[in-house]
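Before I ask anything, here is the structure I am working with.
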Amino acid sequence: MTRTGSGTGNLGFTPSEMMSIAAARELRDGQVCFVGIGAPSTAANLARATQAPGLVLIYESGCIGAKPTTLPLSIGDGELADTADAVVSVPEIFNYWLQPGRIDVGFLGAAQIDRFANLNTTVIGPYDRPEVRLPGAGGAPEIAGSCKEVMIMIKQSRRTFVDPLDFRTSIGFGDGPGSRERLGLRGSGPRMVITDLGILRPDPDSCELTLTDLHPGVSVEAARQATGWELAVAPEPRVTPAPTEAELAHLRHLVSKRPQGSSK
Amino acid sequence: MTRTGSGTGNLGFTPSEMMSIAAARELRDGQVCFVGIGAPSTAANLARATQAPGLVLIYESGCIGAKPTTLPLSIGDGELADTADAVVSVPEIFNYWLQPGRIDVGFLGAAQIDRFANLNTTVIGPYDRPEVRLPGAGGAPEIAGSCKEVMIMIKQSRRTFVDPLDFRTSIGFGDGPGSRERLGLRGSGPRMVITDLGILRPDPDSCELTLTDLHPGVSVEAARQATGWELAVAPEPRVTPAPTEAELAHLRHLVSKRPQGSSK
Amino acid sequence: MAEIVSLREAVAELVGDGDTVAMEGFSHLIPHLAGHEVIRQERRHLTLVRLTPDLIFDQLIGMGVADKLVFSWGGNPGVGSLHRFRDAIENGWPTSLEIEEHSHAGLTNRFVAGASGLPFAILRGYAGTGLVERVGNIKSVQCPFTGETLAAVPAINPDVAIIHAQQADVHGNVQMWGLTGVQKEAVLASSRSIVTVEEIVQTIELRPGGVVLPTWAVTAVAHVPGGAHPSYASGFYERDNAFYSEWEAISRSRESFLSWMERNVLEVGA
Amino acid sequence: MAEIVSLREAVAELVGDGDTVAMEGFSHLIPHLAGHEVIRQERRHLTLVRLTPDLIFDQLIGMGVADKLVFSWGGNPGVGSLHRFRDAIENGWPTSLEIEEHSHAGLTNRFVAGASGLPFAILRGYAGTGLVERVGNIKSVQCPFTGETLAAVPAINPDVAIIHAQQADVHGNVQMWGLTGVQKEAVLASSRSIVTVEEIVQTIELRPGGVVLPTWAVTAVAHVPGGAHPSYASGFYERDNAFYSEWEAISRSRESFLSWMERNVLEVGA
């Protein structure tokens, strides 16, 4: 567990950087992506700066086709509205653009995730007497339900990878196979969970998150230690290609221009 | 029945002009008025030109606060959009502005009216084999249901004042007292019906249209003859004040600037 | 991403016999020339959808393109009747025309539900009208909070939406302004869409009142200047009120209608 | 017609103890100075409503103005927690705070239903989430056409909506542009409304993206330049990201919070 610091160590990049770059690589040019603030926004904008210049970014504040040149601090920064193809009302974003399932990828973060990729952004501890009151649902429940597929970014630890969740704010695969179908959800659910240690994907049969990729220098054992349940691991996890110089340069350039005030 | 021609006769004004002027007088400054095309639009714009300069005109095409200087031919003339305080989508006009009951006066015309001020703009004859297929409902059913009150303009004759209607396109007082309440309608229904012969108002108890005003030179008998049911008449019908010179001048000026192509 | 193609190609590829086709435009930006192309390509058995069928729908109906019409107000605004529409309904000429009629509020909300990915919409509407009995597609639903009864209409999700807009950029992003009716909803509710435009520009500059459809929400864009005539395109040309008036005489008889269509539509290329 | 009054008068006349008050602004045009005036006038027992309670709601909650909060995301965007909001929920300081939480889509549609004069709204939402059990105000309804089950949320109709906009004209017509969130719906859903504006102009010139509220749909307009700071007003000033960051330290302890409020809000006139 030497990989949780924020230094670049001897690999020349930090685990957070690897997480952003691994996530950015999964976005394809021309896709339409509904972006949460923070890590997903960083990754999506990195993708736009690298292999997916035509990625269409949608922010729940009403921006369709935002093309920020600096990372926004909030989902409603002026930079997003000023560079968007269209700015619409919040009702329109949710009702006309998200709900019908026309978004390719929903990109979410969370405070907790469980083995079926359900997410908690509501409370740590009991709902009525929370130890930590988190911000709440925001756009997540409907992003998780309606996008054609969902990508999740979350730092992996026993505090974040838990079973059960303290609260289920948005659904991944619910209680396992068939849950989404029974709920009438149209999107296919989480395609992958990208952490600072590796990548997990749902098992096609059981829907359980399975470690399929490890970032450079991370062991299966380290990933197991950072998971609050018995982690399913693919027979031969791939090793994520290390960040290229270009990827790192783009990412660091983006982050360096992030507005003052950001803590993450 | 000498009053149905379109000449000005010896009174110096036509029955149609009297109808427009009588209707315009009933609109008050500052009211918000949802206007149908044709006669209601003429009367509403005459009101704006005379005693109600602050009358707010709403057209279902999406114009809020239209201030046309010429009479529009359609409810979507460029003149309406160009002079409006706000232009919104058709869904917004119906859902946000009409439906909640924020409009003071709905202003309707029709092909047929019955004794409870229900209107037909759908068919003459049987629905499945109409003698005349009329344009249909348009905005009328919800204007009739949702505006705080409704004013109706219609030329009075045995073809237009009928009982029963061939089709009930929009509701006045339904089958009489209590109908609107049972249907959950929020608006109070028709306040008056202005014709080329006089003005009819619903009886406070029976809701039946009652002739309360006669235009200059029109007899009770003429109004009875032009009504397809036994017309209720107030004990002493008032006589509508004749058009003033200013009213006539404004009306004729408006009509003279009406776009080519209008047949009414 | 929208492809920029000719109107002929767009209609050939995207409008099929038997399709449900919404051609929207609420008194402004009515896609007349796209309608003419549908007539020239001899589509049949269409279900046509529009709040305010006017001249172009009169022409489509008179040329036998449609089996069914879903609408809420069919007339020649400020002038009078649509004679081809009436002839089809009253006399079954050139073929019988099934109709499903709504109020504007009802049909608008069918589009809103369609654009929203919902199976139905609720409204305070239709109460006490003959439409409830005559139109199969109006039901009611109870509010689970207050118990109130509201009207319910089903979503409409046409196969194709056809609209006219002022401009597109070279990537296929579309901007329209002025009265934009229910066009955005029609495009978003439909499986495919054709947008004819007055001009194609390098970059869209947002206008007051501008409504933008991003290219990835549109199937095809065709450059068709004048495509809304005799209706108008704010910023480009005015409504040809005289033609609306002339249509009264042209359309009154089957013969004069057919001869006008022959000369002005069939013999004209896209 | 909207009256043009001072902020002090507007709050004094239109915001009463115990009212349900929506102060909207989705990361832009947040009515901070109006919130300060509510604090200065010591309103109590309010139910506060907003999709994205951030700093101004943290301040209102920390000053004991609210009994209840209806919201969908409460945080300091890009920075972290709202400490006063957390202290109220986690520790009941300064008073206990009842909460009713939704998703953005759900609360947005509560406003839409409220603005539309409908008792409820339907959406594809909340499915499979803990919110359904924890929030009393989410039910379901069946589509009368397809039989599908959809989420239903009740309309919200606040007593007062408070928003900030870029401009009003001398008649009280309001224009805002840029991100306009759910502000139009909040005003239309509410019985009364206060709009603070950056400037009052003779005549509104429509802007790209401009959203207009006609004067007759607004109760009061107050000229409050800078009224959105530390959020921003597109065309007037930028978001003060540094202050959002500083709020983390100011709000972390009750003492530093109270002393900041004393100096920066209570001792300052409207």
Side-chain angles (χ1 to χ4, degrees), chain A residues 37-38 60-63 72-78 80-82 87 89-91 93-95 98-101 118 120-123 127 129-142 144-146 165 167-171 174 179-180 183-186 258-264, chain D residues 26-28 51-52 54 71-75 77-82 85-86 88-90 99 101-106 108-109 111-112 123-131 134 148-150 177-185 209 211 231-232 234 238-246 248:
Chain A
I37 205 61
E60 64 197 12
S61 52
C63 301
L73 182 60
S74 83
I75 43 113
D77 280 25
L80 297 177
D82 294 346
V87 173
S89 73
V90 166
I93 274 286
F94 284 105
N95 291 347
L98 177 61
Q99 181 168 261
N118 302 300
N120 173 19
T121 56
T122 301
V123 283
Y127 185 80
R129 291 200 58 77
E131 289 155 33
V132 182
R133 174 63 224 199
L134 301 167
E142 287 75 21
S146 297
L165 299 175
F167 190 92
R168 190 191 285 175
T169 312
S170 34
I171 192 166
S179 271
R180 290 185 69 91
L183 290 163
L185 298 172
R186 296 173 146 197
R258 182 158 29 195
Q260 180 197 6
S262 175
S263 69
K264 55 179 175 178
Chain D
F26 200 97
S27 68
H28 176 216
L51 267 67
T52 53
D54 73 342
F71 76 107
S72 42
W73 193 90
V79 178
S81 287
L82 293 179
F85 158 86
R86 283 185 54 184
I89 296 175
E90 295 168 15
I99 58 171
E101 63 185 304
H102 285 273
S103 64
H104 281 341
T108 292
N109 278 297
F111 277 118
V112 169
L123 69 152
R124 295 187 187 278
Y126 296 109
T129 77
L131 293 164
R134 299 303 321 197
E148 276 175 279
T149 300
L150 296 148
W177 60 87
L179 299 172
T180 57
V182 69
Q183 283 103 300
K184 178 186 268 189
E185 288 76 13
V211 170
S231 91
Y232 70 109
S234 182
E238 306 259 312
R239 194 171 192 271
D240 186 352
N241 284 321
F243 184 80
Y244 276 82
S245 186
E246 287 158 29
E248 168 68 21

**OP:** With the side chain counted from C-beta on, respond yes when Tyr126(D) and Pro141(A) share a heavy-atom pair under 4.5 Å apart, and no when they do not.
**Re:**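 They are not in side-chain contact.
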**OP:** Please look at Leu80(A) and chain D and tell me whether the side chain, the backbone, both or neither of the residue comes under 4.5 angstrom of a heavy atom of that chain.
**Re:** neither
Original post:
Residues in ring pair (Phe, Tyr, Trp, His ring centres under 6.0 Å) with Phe85(D), at least two apart?
Top reply: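 If we apply the ring pair (Phe, Tyr, Trp, His ring centres under 6.0 Å) test to Phe85(D), skipping adjacent residues, the hits are Phe71(D).
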**OP:** Check Ile171(A) against Ala127(D) and note the closest heavy-atom contact, atom names and distance.
**Re:** CG2-O, 3.9 Å
Original post:
Which residue out of Arg180(A), Glu60(A), Arg129(A) racks up the most heavy-atom pairs below 4.5 Å with chain D?
Top reply: Glu60(A)
**OP:** For residues Gly76(A) and Leu179(D), report the shortest heavy-atom separation together with the two atoms involved.
**Re:**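 Closest approach of Gly76(A) to Leu179(D): O-CD1, 3.3 Å.
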Original post:
Is a side-chain donor or acceptor of Gln99(A) paired with a backbone partner of Arg124(D) at a separation under 3.5 angstrom?
Top reply: yes
Original post:
Of the non-hydrogen atoms in Gly128(D) and Leu183(A), which two are nearest, and what is the gap between them?
Top reply: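 Residues Gly128(D) and Leu183(A), closest heavy atoms: CA-CD1, 3.6 Å.
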**OP:** Report yes if the side chains of Tyr127(A) and Glu101(D) come closer than 4.5 Å at any heavy-atom pair, otherwise no.
**Re:**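 Yes, at least one pair of side-chain atoms sits under 4.5 Å.
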Original post:
So which heavy atom on Leu131(D) is nearest to which on Ala137(A), and how close?
Top reply: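 Scanning both residues, the minimum pair turns out to be CD1-CB, 3.8 Å.
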Original post:
Among Leu185(A), Ile93(A), Asn95(A), Asp82(A), which residue forms the greatest number of heavy-atom pairs with chain D at distances under 4.5 Å?
Top reply: Asn95(A)
Subject >> Over all atoms of both residues, closest heavy-atom pair of Thr129(D) and Thr169(A) >> reply: CG2-O, 3.3 Å
**OP:** Identify which part of Thr121(A) has an atom lying under 4.5 Å from any heavy atom of chain D, answering side chain, backbone, both or neither.
**Re:**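 Answer is neither: Thr121(A) stays 4.5 Å or more from chain D.
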Subject >> Distance-minimising heavy-atom pair for Ser89(A) and Gly181(D) >> reply: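 Between these two residues, the closest heavy atoms are CB-O, 3.6 Å.
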Subject >> Heavy-atom contact with chain A under 4.5 Å, split by part of Leu51(D) >> reply: side chain
Original post:
Of the listed residues (Pro91(A), Ala81(A), Gly136(A), Gly139(A)), which shares the most heavy-atom pairs with chain D below a 4.5 Å separation?
Top reply: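 Of the options given, most contacts go to Pro91(A).
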**OP:** Measure distances from Val132(A) to the heavy atoms of chain D and classify the residue's part below 4.5 Å as side chain, backbone, both or neither.
**Re:** both
Subject >> Heavy-atom side-chain contact between Ser74(A) and Arg239(D) under 4.5 Å >> reply: yes
Subject >> Among Gly138(A), Cys63(A), Gly184(A), Ala140(A), residue most engaged with chain D (heavy-atom pairs, under 4.5 Å) >> reply: Gly138(A)
**OP:** Let me know if Glu142(A) has heavy atoms under 4.5 Å from chain D in its side chain, its backbone, both or neither.
**Re:**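 Contact with chain D involves the side chain of Glu142(A) alone.
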**OP:** Output, in order, the C-alpha distance, side-chain angles, deciding distance and verdict of side-chain contact (heavy atoms from CB on, under 4.5 Å) for Ile99(D) and Arg133(A).
**Re:** CA-CA 12 Å; Ile99(D) 58 171; Arg133(A) 174 63 224 199; 3.6 Å; yes
**OP:** Side chain from CB out, backbone as N, CA, C, O: work out which of these in Ser170(A) comes under 4.5 Å of a heavy atom of chain D, or both, or neither.
**Re:**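 Only the backbone of Ser170(A) comes within 4.5 Å of chain D.
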Original post:
Run the side-chain contact (heavy atoms from CB on, under 4.5 Å) check on Val90(A) and His104(D) step by step: do they pass?
Top reply: CA-CA 9 Å; Val90(A) 166; His104(D) 281 341; 5.6 Å; no
**OP:** Look at atom CD of Glu90(D) and say whether more than 12 heavy atoms of other residues, nucleotides or ligands are closer to it than 6.0 Å.
**Re:**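 Yes, CD of Glu90(D) has more than 12 neighbouring heavy atoms, counting only those of other groups under 6.0 Å.
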